[in-house]
Q: 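I am attaching a structure below and will ask some questions about it afterwards.
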There are 2 protein chains.
Amino acid sequence: MKPGRDTIEQRMRTFNAACARLGIKITHQRMEIFRAVISTEEHPDAETIHRWVKKRIPTISLDTVYRNLRLLAETDLIAIVGMSQENLRFDGNAHPHHHFVCVRCGMIRDFASNAPDSLQTPKTARVFGEPLSVHLEVKGICTGCRGDVRR
Amino acid sequence: MKPGRDTIEQRMRTFNAACARLGIKITHQRMEIFRAVISTEEHPDAETIHRWVKKRIPTISLDTVYRNLRLLAETDLIAIVGMSQENLRFDGNAHPHHHFVCVRCGMIRDFASNAPDSLQTPKTARVFGEPLSVHLEVKGICTGCRGDVRR
DNA sequence: TGGCACATAGGAATTATTCTTATGAAACCG
DNA sequence: CGGTTTCATAAGAATAATTCCTATGTGCCA
Ligand SMILES: [Mn+2]
Ligand SMILES: [Mn+2]
Ligand SMILES: [Zn+2]
Ligand SMILES: [Zn+2]
């Protein structure tokens, strides 16, 4: 419940403004889903959020939770953790390395850090536990997709 | 098909040795699945690997592909891309930040890089396209899980 | 206050992955 | 070599997360 930067109430005001600007209706459900996500540091899954929100709106459906979480993520009011999450992708490169991921076509390519020192675990991460590995993920638009746009 | 470090044939020998050491039988299917994964830089999904291997073993089942990919990943002969991939996790922190992920309990916590310069996209990644964001994922054992083990 | 576009609830559908079980094949042994 | 044991496979059924369908409901502007 430690606020990262803004208080819950400040963020609820940002939420209202963003909805107004984007022509998104401010429903009770939508508001409670957003409040649930920003009120925790636990990076919950949809099922967990559904359980929480049901305490205030007992009839809310799981589909509504999913639908609104996606909407909120699209408008950058919240984020989705991890990869673009379609299905499992397998990697023949068993050595530690990093990835460039094209957000448009899903292409994944390996790269090595040419500055290994810079990738040592930041001290700010060590407070949570014993680090085992560090993986850098660069998201972007690959040259192929960039070329497609130019035409 | 650019070998990261070892040739395909070298890696097939490593595979044979690892199977022998671990008491894993070397079947035709298992060998072809491994060969498919290490013969590409495309980080394919299970369906794609199944399609490839079927050219050589037309009767191979998708389940066998999944089963062996998991086995190979467990023995670190290959890797699985991305998060531990259970279900979607949502993040109330909309600002750019990084994650510590406990590989035992799934706990995810935010941290900021205290050395932002060191996280600029490495040049080795820029050859693939235009970077948009950089995300650092530190995997490890959280203090809670570490404590559990000590008892 | 009415009307309409957008949202929701609930259940059905979809899809990736895993499980079940009967059959097949490696390794081991003599 | 045959026999035996143990592990692996194929095929389809099961599971589980997520999305779709559609009838009903509701926020919001005039
Ligand atoms: Mn890789
Ligand atoms: Mn986060
Ligand atoms: Zn691309
Ligand atoms: Zn843990």
Side-chain angles (χ1 to χ4, degrees), chain A residues 12 15-37 43-75 77-78 80-90 106, chain B residues 15-37 43-51 53-75 77-78 80-90 106:
Chain A
M12 292 309 299
F15 167 82
N16 278 26
C19 287
R21 177 164 39 83
L22 297 163
I24 293 169
K25 290 182 182 165
I26 299 171
T27 65
H28 189 197
Q29 291 91 332
R30 189 162 286 158
M31 224 162 73
E32 291 306 324
I33 290 165
F34 182 69
R35 189 194 304 278
V37 179
H43 301 80
D45 61 14
E47 201 83 49
T48 302
I49 294 165
H50 185 223
R51 230 177 297 121
W52 287 348
V53 175
K54 268 211 285 204
K55 290 176 187 166
R56 297 172 148 273
I57 311 173
T59 62
I60 195 171
S61 77
L62 181 57
D63 183 48
T64 295
V65 172
Y66 271 110
R67 189 165 7 88
N68 280 291
L69 287 170
R70 280 232 177 270
L71 181 74
L72 294 170
E74 274 165 21
T75 59
L77 284 163
I78 66 171
I80 297 179
V81 178
M83 291 270 313
S84 34
Q85 183 91 4
E86 301 114 15
N87 42 21
L88 292 173
R89 304 277 292 263
F90 298 88
Chain B
F15 166 82
N16 279 28
C19 288
R21 178 165 37 83
L22 297 163
I24 293 170
K25 290 180 181 166
I26 299 170
T27 65
H28 189 197
Q29 291 91 333
R30 188 162 287 158
M31 225 163 73
E32 290 305 323
I33 289 165
F34 181 69
R35 189 194 302 280
V37 178
H43 300 81
D45 61 13
E47 200 83 50
T48 303
I49 294 164
H50 185 224
R51 228 176 299 120
V53 175
K54 268 212 284 203
K55 289 175 187 166
R56 295 172 150 273
I57 311 174
T59 62
I60 194 171
S61 77
L62 181 56
D63 183 49
T64 295
V65 172
Y66 271 110
R67 188 165 9 87
N68 281 292
L69 287 171
R70 280 232 177 270
L71 180 74
L72 294 171
E74 274 164 21
T75 59
L77 285 163
I78 67 171
I80 297 179
V81 178
M83 290 271 313
S84 35
Q85 183 92 4
E86 301 113 15
N87 42 21
L88 292 173
R89 303 278 292 262
F90 298 89

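What you are looking at is a predicted structure, and each value in this text was computed from that prediction instead of being measured. Only heavy atoms go into these numbers, but all of them, side chains included; no hydrogens, no water, no symmetry mates. All chains are named by letter (A, B, ...) in the order of the sequence lines, taking the proteins before the strands, and each is independently numbered beginning at 1.
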Q: Rounded to the nearest Å, what distance is computed from the OH atom of residue Tyr66(B) to the P atom of nucleotide dA11(D)?
A: 17 Å
Q: Quick one: which residue pairs count as a salt bridge (charged side-chain N to carboxylate O under 4.0 Å, His left out) with a foot in residues 48-62 of chain A, not counting sequence neighbours?
A: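 Every salt bridge (charged side-chain N to carboxylate O under 4.0 Å, His left out) pair that includes a residue of residues 48-62 of chain A, provided the two are not neighbours, is Glu32(A)-Arg56(A).
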Q: Starting at atom CD1 of Ile60(A), determine the distance to atom C1' of dG10(C), rounded to an integer number of angstrom.
A: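 In whole Å, dG10(C) C1' lies 13 Å from Ile60(A) CD1.
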Q: How far apart are the C-alpha atoms of Phe90(A) and Ile80(B), what are their side-chain angles, what is the distance that settles it, and do they pass the side-chain contact (heavy atoms from CB on, under 4.5 Å) test?
A: CA-CA 5 Å; Phe90(A) 298 88; Ile80(B) 297 179; 3.8 Å; yes
Q: How would you list, by chain and number, every residue that makes a side-chain hydrogen bond (donor to acceptor under 3.5 Å, both in side chains) with Thr64(A), sequence neighbours excluded?
A: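 Partners of Thr64(A) under the side-chain hydrogen bond (donor to acceptor under 3.5 Å, both in side chains) test: Ser61(A), Arg67(A).
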Q: Which listed nucleotide (dT17(C), dT18(D), dA9(C)) is nearest to the side chain of Ala46(B)?
A: dT17(C)
Q: How would you list, by chain and number, every residue that makes a side-chain contact (heavy atoms from CB on, under 4.5 Å) with Ala18(A), sequence neighbours excluded?
A: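 Scan of Ala18(A) (side-chain contact (heavy atoms from CB on, under 4.5 Å), adjacent residues dropped) gives Arg21(A), Leu77(A).
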Q: Please tabulate, one pair per line, each protein N/O and nucleotide N/O from nucleotides 20-24 of chain D that are separated by under 3.5 Å, including the distance.
A:
| residue | atom | partner | partner atom | Å |
| --- | --- | --- | --- | --- |
| dC20(D) | N4 | Asp63(A) | OD1 | 2.8 |
| dC20(D) | N4 | Asp63(A) | OD2 | 2.9 |

Q: Which angle, rounded to 10°, do you find between the first-five-pair axis and the last-five-pair axis of the helix from dT1(C)-dA30(D) to dG30(C)-dC1(D)?
A: 30°
Q: Considering non-hydrogen atoms only, spot the tightest contact between Leu62(A) and His50(A) and give its length.
A: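 Reported closest heavy-atom pair: N-NE2, 3.4 Å.
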Q: Let me know the distance between CG of Leu72(A) and P of dA7(C), rounded to the nearest Å.
A: 11 Å
Q: Taking side-chain hydrogen bond (donor to acceptor under 3.5 Å, both in side chains) as the definition, give me every residue that meets it alongside Arg89(B), ordered by chain and number, with sequence neighbours left out.
A: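 With sequence neighbours excluded, Arg89(B) shows a side-chain hydrogen bond (donor to acceptor under 3.5 Å, both in side chains) to no residue whatsoever.
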Q: Between dT17(C) atom P and Arg70(B) atom CZ, what is the distance in whole Å?
A: 8 Å
Q: Using whole Å, what does the distance between atom C1' of nucleotide dA14(D) and atom CG of Leu62(B) come to?
A: 15 Å
Q: Scan for ring-ring contact (aromatic ring centres under 6.0 Å, His included) pairs involving residues 16-35 of chain B, sequence neighbours excluded, and state none if there are none.
A: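 Passing the test, one end in residues 16-35 of chain B: Phe15(B)-Phe34(B).
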Q: Using whole Å, what does the distance between atom C1' of nucleotide dA9(C) and atom CD of Glu32(A) come to?
A: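 The distance from CD of Glu32(A) to C1' of dA9(C) comes to 18 Å, rounded to the nearest Å.
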Q: Among residues 22-31 of chain A, which residues get a heavy atom nearer than 4.0 Å to DNA chain C?
A: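 Residues of residues 22-31 of chain A that come under 4.0 Å of DNA chain C are, in numerical order, Ile24(A), Lys25(A), Thr27(A), Gln29(A), Arg30(A).
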Q: Leu22(A): what forms a side-chain contact (heavy atoms from CB on, under 4.5 Å) with it, not counting sequence neighbours?
A: Ile24(A), Thr75(A)
Q: May I ask you to evaluate whether Ser61(A) reaches the phosphate of dG10(C), defined as a side-chain N or O under 4.0 Å from OP1 or OP2?
A: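 Looking at the OP1 and OP2 atoms of dG10(C), neither is under 4.0 Å from any side-chain N or O of Ser61(A).
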